[in-house]
Every structure is written in C-alpha cells, then in structure tokens.
Amino acid sequence: HVQLVESGGGSVQAGGSLRLSCAVSGYTYRTYCMGWFRQASGKEREGVASIDSHNGTAYADSATGRFTISRDNTKNTLYLQMNSLKPEDSGMYYCAAYRIHAQYCTLGPITSVAAYRGQGTQVTVS
C-alpha cells in the first residue's frame with residue numbers, strides 16, 4: 001500500500017521561505033519518479049517540480065530559480081525548498097509518485113491522475 005504524507009505547509013509573507021516534506025512508504029521509493037504539484041482553488045493542477053531515480057530534476061518555469069526539489073533515499077523522504085515565495089504560489093501542494101523510467105520522469109507523470117499522491121499541505125503567501 002503506497003502512502004505519501006506531506007508536511008511543512010503554512011502561511012508566510014511574500015519573499016519568505018517554506019520547506020515541504022513528504023514521507024513515503026509502501027514501495028521501493030528510490031525507483032520511482034517523484035514530484036510536487038499544486039492546485040489553487042478553482043484551478044487545474046500545476047506541476048511544480050520532479051525528480052527521477054538518478055536525481056535528475058525538472059521544474060516549472062514559475063519555480064525555476066526559486067524552488068529546489070530533493071530526495072533522501074535513506075529516509076524515504078522527498079523535499080521541496082521554496083524561496084522568494086509569491087502570492088501566486090499559494091495553493092494546496094501535493095507530493096506525487098509515479099512508476100516510470102527515469103528518462104520519462106517529468107512534470108507530466110507527476111500531475112497525472114494515475115500518480116499516487118498524498119493528502120496535500122496548504123501553502124498561503126500574502
């Protein structure tokens with residue numbers, strides 16, 4: 001049973017930082033494509049960042065230069081460091097996992113409805 005549990009969200013002023021964490025269990029974590037997507041009220045899912053099993057990363061244009069995704073395979077934990085936050089970064093952030101070859105690990109699989117995801121953690125930037 002795949003389980004993803006996010007934490008680290010909260011309210012922050014514009015320009016501030018947050019670090020999201022995602023604890024994963026129930027599968028061979030290190031072999032999966034992992035990532036984060038967000039969804040604001042009334043809007044579609046937006047892929048934020050992905051990381052493959054070889055630590056190759058991909059970012060949305062809106063996240064490039066401000067966000068950093070990383071994974072600790074020894075702790076089965078995924079992270080998203082978010083700096084220079086803007087009000088438009090507000091939304092529910094979800095951790096996602098998709099079993100796919102590393103070369104195909106991009107934002108697409110992460111936002112797929114077929115991906116495993118957690119319950120989400122709210123980020124509010126004012």
Q: Under the side-chain contact (heavy atoms from CB on, under 4.5 Å) criterion, do F67 and W36 qualify, and how do the steps go?
A: CA-CA 11 Å; F67 294 3; W36 297 87; over 6 Å; no

Q: Give a yes-or-no answer on whether the side chains of R117 and Y94 include a donor-acceptor pair shorter than 3.5 Å.
A: no

Q: SG of C95 to CD of Q119: how many Å apart, nearest 0.5 Å?
A: 11.5 Å

Q: Show the nearest heavy-atom pair for residues L18 and L85, with the distance to one decimal.
A: N-CD1, 3.8 Å

Q: Please check if the side chain of S112 supplies one atom and the backbone of G108 the other of a donor-acceptor pair under 3.5 Å.
A: no

Q: Looking only at heavy atoms, which two atoms of T121 and L20 are closest? And how far apart?
A: CG2-CD2, 4.0 Å

Q: Which heavy atom of Y59 sits nearest a heavy atom of I69, and at what distance?
A: OH-N, 2.9 Å

Q: Distance check, rounded to the nearest 0.5 Å: R99 atom CZ versus M34 atom CE?
A: 13.5 Å

Q: With a 4.5 Å heavy-atom cut-off, do I110 and C33 have their side chains touching?
A: yes

Q: Have D72 and T77 got a donor and an acceptor in their side chains that come within less than 3.5 Å?
A: no

Q: Do you know which two heavy atoms are closest between F37 and G47, and how far apart they sit?
A: CB-CA, 3.9 Å

Q: Do H101 side-chain atoms and Q103 backbone N/O form a donor-acceptor pair below 3.5 Å?
A: yes

Q: How many angstroms lie between CG in L80 and SG in C22, if you round to the nearest 0.5 Å?
A: 10.5 Å

Q: As an exercise, state the distance from CD of E46 to OH of Y93, rounded to the nearest 0.5 Å.
A: 7.5 Å

Q: Looking only at heavy atoms, what is the nearest atom pair of S84 and S17, with distance?
A: N-OG, 4.3 Å

Q: Are Y98 and Y116 linked, directly or through other ILVMFWY residues, by side chains that come within less than 4.5 angstrom of each other?
A: no

Q: Looking at R71 and D52, would you say the former's side chain and the latter's main chain have a donor-acceptor pair under 3.5 Å?
A: yes

Q: Roughly how far, to the nearest 0.5 Å, is the OG atom of S70 from the OH atom of Y79?
A: 7.0 Å

Q: Check for me, please, whether V24 and V48 land in the same ILVMFWY cluster - side-chain distances under 4.5 Å, paths through other members count.
A: yes

Q: Checking S90 against Q122: is there a side-chain donor and acceptor pair closer than 3.5 Å?
A: no

Q: Identify the two heavy atoms, one from E6 and one from G118, that lie closest to each other, and give their separation to 0.1 Å.
A: OE2-CA, 3.2 Å

Q: Yes or no on side-chain contact (heavy atoms from CB on, under 4.5 Å) for R38 and D89, after CA distance, side-chain angles and deciding distance?
A: CA-CA 9 Å; R38 64 190 180 193; D89 293 319; 2.9 Å; yes

Q: At what distance, to the nearest 0.5 angstrom, does CG of N83 lie from OG1 of T68?
A: 6.5 Å

